[in-house]
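Side chains included, hydrogens not; waters and symmetry mates left out as well; all remaining heavy atoms used. We count ligands from 1, going down the list as the structure has it; atoms in each ligand are counted the same way.
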Amino acid sequence: MSRVYLELLNEDHFDDEYVGWHSQSHTDFYSGSKRIFTKENLLEEFHSGIKKNNNFHYGIFYKENNKLIGVIKLGIVNWVHKISDMIVFIGDADYLGKGLAVDAINEGNEKAFNEHKLRKLYGGMYKDNIASVKAYLKTGWIIEGIMKDQYLHEDISQDRILVACFNPSIFKSEYHRKGLYSFEDIYQAN
Ligand SMILES: CC(C)(COP(=O)(O)OP(=O)(O)OC[C@H]1O[C@@H](n2cnc3c(N)ncnc32)[C@H](O)[C@@H]1OP(=O)(O)O)[C@@H](O)C(=O)NCCC(=O)NCCS
């Protein structure tokens, strides 16, 4: 039973608290490109997604108190290929460490596949973002690849882990369920 539900955000949700989430230490990997998040650029991305119909900002709401605690960004959607990136962000630090990203990604998968009829979701993260890799792998996502030494984090190179999720009503093979690498393949190898 999911502890969260998703609802599309509106402009009013982009308040100081929402913007403030983006400058906490646990977002280091999220903003690994050293992007500075401001209310203006967050709203620009939000409005552009609505205008182009290719980026959906779903608020993650905690069921027990209806509090907005994070966001699932489904986008940029490529409608030709019916694929999209999907990012999860638990912004409210009080709600970290409870496995809620798993619940949120499951809800996001549901929106992407059943509502938007997408074929495949994908994403990538720093290898050290283990909480993220683990959360995705618990929700039917698989590891499709590794981009060696793709990033520089505090002057040390780091791999990018490529994850993906295939619409289970379309894709049913072993590959689509298991991918190329297990978690252990990646984290136990040197
Ligand atoms: C990634 C993120 C969504 C995870 O949120 P969360 O639900 O609070 O994750 P948890 O802390 O419950 O951790 C998930 C799992 O990883 C494990 N984990 C966390 N940090 C770990 C570490 N350093 N080493 C090993 N395992 C770790 C947890 O034990 C948990 O495993 P379990 O479910 O088997 O117990 C959250 O940290 C976040 O929003 N980060 C910023 C945004 C981001 O990086 N998004 C992903 C990029 S696309």
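- With a heavy-atom cut-off of 4.0 Å, K134 touches ligand 1 through its side chain alone.
- When the options D159, I130, I143 are evaluated for a side chain to side chain contact (heavy atoms under 4.5 Å, CB included) with I186, the one that passes is I143.
- L96 CD2, 3.7 Å is the protein heavy atom nearest to atom 36 (C) of ligand 1.
- Atom 17 (C) of ligand 1 is approached by the protein to below 4.0 angstrom, counting heavy atoms only.
- Considering backbone and side-chain atoms together, Y95 places no N or O closer than 3.5 Å to any N or O of ligand 1.
- In this structure, V4 and K63 approach most closely via the heavy-atom pair O-CE, 3.7 Å.
- Note: H153 and Y126 have perpendicular aromatic rings, judged against thresholds of 30 and 60 degrees for the angle between ring planes.
- Here's the thing with A101: one of its N/O atoms is less than 3.5 angstrom from an N/O atom of ligand 1.
- Proximity of a side-chain donor or acceptor of Y136 to a complementary backbone N or O of G124 within less than 3.5 Å is not detected.
- Looking at F183, W21, F89, Y136, it is F89 that brings a heavy atom closest to atom 42 (C) of ligand 1.
- At the shortest separation from atom 47 (C) of ligand 1 among protein heavy atoms lies S132 OG, 3.7 Å.
- Taking each of N129, D103, V102 in turn, the one with a heavy atom nearest to atom 44 (O) of ligand 1 proves to be N129.
- Qualifying side chain to side chain contact (heavy atoms under 4.5 Å, CB included) partners for T139, counting only residues two or more places apart in sequence or in other chains: V102, I105, N106, N109, W141.
- Of the protein's heavy atoms, V88 O, 3.7 Å lies nearest to atom 43 (C) of ligand 1.
- Without hydrogens or angle criteria, R119 side chain to H81 main chain gives a donor-acceptor distance under 3.5 Å.
- The residue among A104, A131, G123 with a heavy atom at the shortest distance from atom 14 (C) of ligand 1 is A131.
- Regarding atom 39 (O) of ligand 1, its nearest protein heavy-atom neighbour is I90 N, 2.7 Å.
- The salt bridge (charged side-chain N to carboxylate O under 4.0 Å, His left out) test with E45 singles out one residue from K51, K39, K73, and that residue is K73.
- Within ligand 1, the atoms closer than 4.0 Å to a non-hydrogen atom of G99 are 7 (O), 12 (O), numbered from 1 in the order shown.
- Looking at I87 next to ligand 1, no N or O pair under 3.5 Å apart turns up.
- Under the 4.5 Å side-chain heavy-atom criterion for ILVMFWY residues, no single connected hydrophobic cluster contains both V88 and I83.
- Scanning the protein heavy atoms around atom 41 (C) of ligand 1, the nearest turns out to be H26 O, 3.4 Å.
- Comparing heavy-atom distances from atom 8 (O) of ligand 1 across G124, G97, S25, A93 singles out G97 as nearest.
- Using cut-offs of 30° and 60° on the angle between ring planes, the pair F37 and H22 is tilted.
- No donor-acceptor distance shorter than 3.5 angstrom exists from the side chain of E11 to the backbone of L43, with no hydrogens or angles considered.
- Of the listed residues (R160, K127, Q158), just one forms a side-chain hydrogen bond (donor to acceptor under 3.5 Å, both in side chains) with Y151, and that residue is R160.
- Looking at atom 32 (P) of ligand 1, its nearest protein heavy atom turns out to be K138 NZ, 3.1 Å.
- Counting only heavy atoms of the protein, atom 22 (C) of ligand 1 lies nearest to I130 CB, 4.1 Å.
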